[in-house]
Amino acid sequence: MIGDSITHGWESGGKATWEKYYAGRNAVNLGFSGDRTEQVIWRLQHGEVDGISPKLCVIMIGTNNTGHRQDPADETALGIQYIVEELRKRVPDSKILLLAIFPRGETPRDELRQLNDKINARIAGLANNQDVYFLDINHVFLEDRGTLPRSIMPDLLHPGPEGYELWATAMEPMVARLMAD
């Protein structure tokens with residue numbers, strides 16, 4: 001799993017869910033708090049995945065580009081594209097599951113959520129459904145009117161334990177299918 005603090009959170013708020021779904025698969029958490037796309041690119045270019053050959057790489061990155069600097073959607077999407085390209089070069093036998101950036105902010109009118117939605121619309125096109133797949137599970141976090149409840153993401157950005165369970169449950173059918181191939 002590659003990403004930022006949301007991915008890093010599998011080691012804290014998501015620990016029980018990680019143990020349930022991923023520990024037995026020898027998964028590795030490469031999420032680092034505060035990372036933006038450029039830090040992930042740097043880590044990949046400087047050996048982060050060298051010498052390993054995972055069946056599947058799951059990417060969840062981009063919300064810090066939105067929150068820290070409010071980068072334009074095209075720029076963040078391009079950074080995510082570079083991450084996918086770096087992984088294709090460095091672990092060519094691995095499948096890539098690219099996740100939509102999770103919702104943030106309480107309502108659909110939140111400017112940062114809208115920016116993430118624009119990025120998601122662009123990165124969905126990176127999937128070729130042969131070795132790169134896109135999955136948008138954002139609906140599982142939201143209430144009927146698109147409200148993001150604090151019971152799922154207490155700070156309206158990072159999942160709490162319930163949010164990590166929702167994430168794993170929603171992603172599991174795709175992960176199981178891609179791991180089986």
Side-chain angles (χ1 to χ4, degrees), residues 1-10 14 30-45 56-89 95-160 162-164 166-171 173-175 178:
M1 302 242 185
I2 299 168
D4 52 33
S5 58
I6 294 169
T7 301
H8 190 186
W10 286 113
L30 300 175
F32 291 90
S33 185
D35 267 7
R36 295 181 304 273
T37 56
E38 60 266 30
Q39 280 96 13
V40 173
I41 294 165
W42 187 92
R43 287 191 282 120
L44 293 172
Q45 291 175 340
L56 178 65
C57 298
V58 178
I59 304 169
M60 162 51 103
I61 192 71
T63 202
N64 288 333
N65 294 75
T66 298
H68 289 208
R69 300 181 304 227
Q70 296 183 23
D71 292 345
D74 287 337
E75 288 180 17
T76 302
L78 186 58
I80 294 169
Q81 178 182 332
Y82 287 151
I83 291 167
V84 170
E85 290 170 359
E86 284 295 325
L87 284 170
R88 294 303 322 127
K89 284 191 289 192
K95 292 188 173 83
I96 296 171
L97 177 56
L98 176 59
L99 297 177
I101 303 169
F102 289 168
R104 60 184 297 159
E106 188 172 9
T107 71
R109 293 183 308 278
D110 182 272
E111 288 180 35
L112 299 181
R113 187 187 307 183
Q114 291 176 5
L115 184 52
N116 280 352
D117 289 345
K118 290 176 185 173
I119 298 164
N120 289 336
R122 286 162 175 79
I123 66 173
L126 298 175
N128 61 19
N129 295 322
Q130 294 175 11
D131 53 15
V132 179
Y133 301 81
F134 179 77
L135 182 62
D136 183 345
I137 61 167
N138 290 352
H139 66 281
V140 304
F141 301 117
L142 303 173
E143 294 176 335
D144 291 341
R145 295 181 186 220
T147 302
L148 182 59
R150 288 186 185 271
S151 60
I152 293 173
M153 293 188 187
D155 64 356
L156 302 175
L157 175 62
H158 298 90
E162 182 181 349
Y164 281 100
L166 288 169
W167 177 0
T169 301
M171 185 172 66
M174 178 73 84
V175 168
L178 295 176

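All residue numbers refer to positions in the sequence shown, counting from 1.
Every residue was checked against the salt bridge (charged side-chain N to carboxylate O under 4.0 Å, His left out) condition with R150, not counting sequence neighbours, and none meets it. Scored by the salt bridge (charged side-chain N to carboxylate O under 4.0 Å, His left out) test, D4 finds no partners at all (sequence neighbours excluded). Contacts of E38 classified as salt bridge (charged side-chain N to carboxylate O under 4.0 Å, His left out), with partners at least two apart in sequence or in another chain: R36, R69.
Proximity of L97 to L56: side-chain heavy atoms (C-beta onward) are separated by under 4.5 Å at one or more points. By the 4.5 Å heavy-atom criterion applied to side chains, N64 and Q39 are not counted as neighbours. Between N116 and T63, some side-chain heavy-atom pair lies under the 4.5 Å cut-off. Side chains of V132 and R88 form a contact here, defined as non-hydrogen atoms less than 4.5 Å apart. Using a 4.5 Å heavy-atom threshold, the side chains of D71 and T37 count as separate. Using a 4.5 Å cut-off on side-chain heavy atoms (C-beta onward), E75 and N65 make no contact.
How far NE2 of H139 is from CD1 of I137: 8.0 Å, rounded to the nearest 0.5 Å. With rounding to the nearest 0.5 Å, the separation of NE2 in H158 from NE2 in H8 is 10.5 Å. Here the straight-line distance linking atom CD1 of I59 with atom CG of L135 works out to 12.5 Å at 0.5 Å rounding. Atom CG of L44 sits about 11.0 Å away from atom CH2 of W42, to the nearest 0.5 Å. How far CE of M60 is from CD1 of I101: 7.5 Å, rounded to the nearest 0.5 Å. The distance from the CG atom of L99 to the CG atom of N120 is 9.5 Å, given to the nearest 0.5 Å.
The heavy-atom pair separating D136 from F134 by the smallest distance is CB-CE2, 3.9 Å. The two residues P103 and R113 have their closest heavy-atom pair at CB-NE, 3.9 Å. The minimum heavy-atom distance linking V140 with A170 is given by the pair CG1-CB, 3.9 Å. When all heavy atoms of P159 and P154 are compared, the closest pair comes out as C-CD, 4.2 Å. The two residues T169 and P173 come nearest to each other via the heavy atoms O-CD, 3.4 Å. Of all the heavy atoms in P149 and E143, the pair that sits closest is CB-OE2, 3.6 Å.
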Could you list the donor-acceptor pairs under 3.5 angstrom formed between side-chain atoms of residues 77-87 and any protein atom two or more places apart in sequence or on another chain?
residue	atom	partner	partner atom	Å
Q81	NE2	E85	OE2	2.9
E86	OE1	R90	NE	2.6
E86	OE1	R90	NH2	3.0
E86	OE2	Q45	NE2	3.2
E86	OE2	K89	NZ	3.2

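The stretch residues 97-110 participates, sequence neighbours left out, in no salt bridge (Lys or Arg N to Asp or Glu O under 4.0 Å) pair at all. Residue pairs that meet the ring-ring contact (aromatic ring centres under 6.0 Å, His included) test with at least one member in residues 97-131, sequence neighbours left out, are F102-F141, F102-W167.
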Apply the test side chain to side chain contact (heavy atoms under 4.5 Å, CB included) to residues I2 and T7: give CA-CA distance (whole Å), side-chain angles for both, the deciding distance (0.1 Å), then the verdict.
CA-CA 7 Å; I2 299 168; T7 301; over 6 Å; no

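Checking side-chain atoms of D131 against main-chain N and O of I96 turns up no donor-acceptor pair under 3.5 Å. A donor-acceptor contact shorter than 3.5 Å is absent between the side chain of Q70 and the backbone of L112.
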